[in-house]
Novice: 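The following block contains the structure, expressed as structure tokens.
Proteins get letters first, then strands, A, B, ... in listed order; numbering begins at 1 in each. Values below: all heavy atoms of this structure, side chains included; hydrogens, waters and symmetry mates excluded.
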Amino acid sequence: MHEVSIAEAIARTVVEAVDGQSVESVEVEVGALSGVVGSALEFAWDVVTTDTPLAGSVLVVVCVATTVHCVTCDEVVTPDLGLLCPSCGELCADVRSGRELEITSARLRETAASEA
Amino acid sequence: MSPRIVELRRGVLEKNDQIAASLRDRFGTAGVRVANWVSSPGTGKTALLERLLVRAQQQGVRAAVLVGDCATDNDARRLAATGAPVRQIVTEGMCHLEADMVTSHIDALEAGGTHLAGLDLLVLENVGNLVCPTSYDLGEGLRVALLSVTEGEDKPLKYPALFASADVVVLTKVDIAEAVEFDSAAAASAIAAVAPGRPVVATSARTGVGVAELLSLLVGPGQPGP
């Protein structure tokens, strides 16, 4: 349950990046192998952003599925349990996606200043 | 008017990763091998480390430990009894070690006269947890995932992210494997499913089996051998 520290890290980065502008939502990519649970992260977001410039903003979690490259099939596949190729059952160590933990973008609120 | 989007494309743990990268440089410059030990609570990390530290001393391997726990310095006191330099990192509830904690405790270790350049091996014993330490790079050269025979052979399947991130898998308490009807073939296939190709070392802190093998894996070639 380290989603609170992850949420704090996201909030810190966004606050620095938007330089005082009001934020409507923040999008993050969370891979299935990242060890972070999207729903827990969304819950933690509301808590850690209270009384900060990000209060009231929404954290949008985009889940990234695990994909691996199977050497035998020479294809990028979505593995079964563990890292097994669903076609041939081979173990696939070459992980192509699923480890993501990245802040992709922040959507800013429309304000008088931004319309000017 | 469409809302404005600020593209960020920034790693969430960028700051931790940057600190870990400078730790890795520092370890490389000092020529010390660093292993991050991760397991659930009660796997026997500390008991195995006690045995490993004694073995290291016998072989002339200079080893030190930073040990993380949510509370108490019990583990540091146990490990310090071996004579090795040890520091306790009390995380005050935090469920994993982060790179900045490691940095400040290494600074303290060096301030106390134990210099990285004078060590062959530094073990970072993480907080007992199979989820959260996965995401936090500590600058280690090797991540070691430990699994005791009492925990269930399918643990790697239940915590695939952590085991997939490991470079070495260690089985502990193998002296009681038979008594708890541990199925070593099932465990091997569970490990292979999520961490294919990783070395697996079977150990017992009580009998000492596997300790020499583990030590030579950790210190690598070119270090004092068994």
Novice: Where does B/Ala190 contact chain A at under 4.5 Å (heavy atoms): side chain, backbone, both or neither?
Specialist: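 When you check distances to chain A, no heavy atom of B/Ala190 falls under 4.5 Å.
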
Novice: Could you give the distance from NE2 (B/His96) to OG (A/Ser5), rounded to the nearest 0.5 Å?
Specialist: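 The NE2 atom of B/His96 sits 4.0 Å away from the OG atom of A/Ser5.
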
Novice: Measuring heavy-atom distances to chain A, does B/Phe163 have an atom under 4.5 Å in its side chain, in its backbone, in both, or in neither?
Specialist: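 Neither; nothing under 4.5 Å.
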
Novice: Taking atom CG of B/Asp107 as the centre, report whether more than 12 heavy atoms of other residues, nucleotides or ligands fall under 6.0 Å from it.
Specialist: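 Counting neighbours around CG of B/Asp107, more than 12 heavy atoms of other residues, nucleotides or ligands fall under 6.0 Å, so yes.
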
Novice: Please find the pair of heavy atoms, one from B/Ala161 and one from A/Gly35, that lie closest to each other, and give the distance.
Specialist: CB-N, 4.4 Å

Novice: Measure distances from A/Glu29 to the heavy atoms of chain B and classify the residue's part below 4.5 Å as side chain, backbone, both or neither.
Specialist: side chain

Novice: Under 3.5 Å, side chain of B/Ser135 to main-chain N/O of A/Ser34, donor-acceptor pair present?
Specialist: yes

Novice: Where is the tightest heavy-atom contact between A/Ser105 and B/Ile5, given as atom of each residue plus distance?
Specialist: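 For A/Ser105 versus B/Ile5, the nearest heavy atoms are CB-CG2, 3.7 Å.
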
Novice: Anything in residues 7-19 of chain B with a heavy-atom distance to chain A below 4.5 Å? Please list those residues in order.
Specialist: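 The residues closer than 4.5 Å to chain A, in numerical order, are B/Glu7, B/Leu8, B/Arg9, B/Arg10, B/Gly11, B/Val12, B/Leu13.
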
Novice: Between A/Gln21 and B/Arg4, which heavy-atom pair has the shortest distance, and what is it?
Specialist: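 So the two residues come closest at OE1-NH2, 2.9 Å.
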
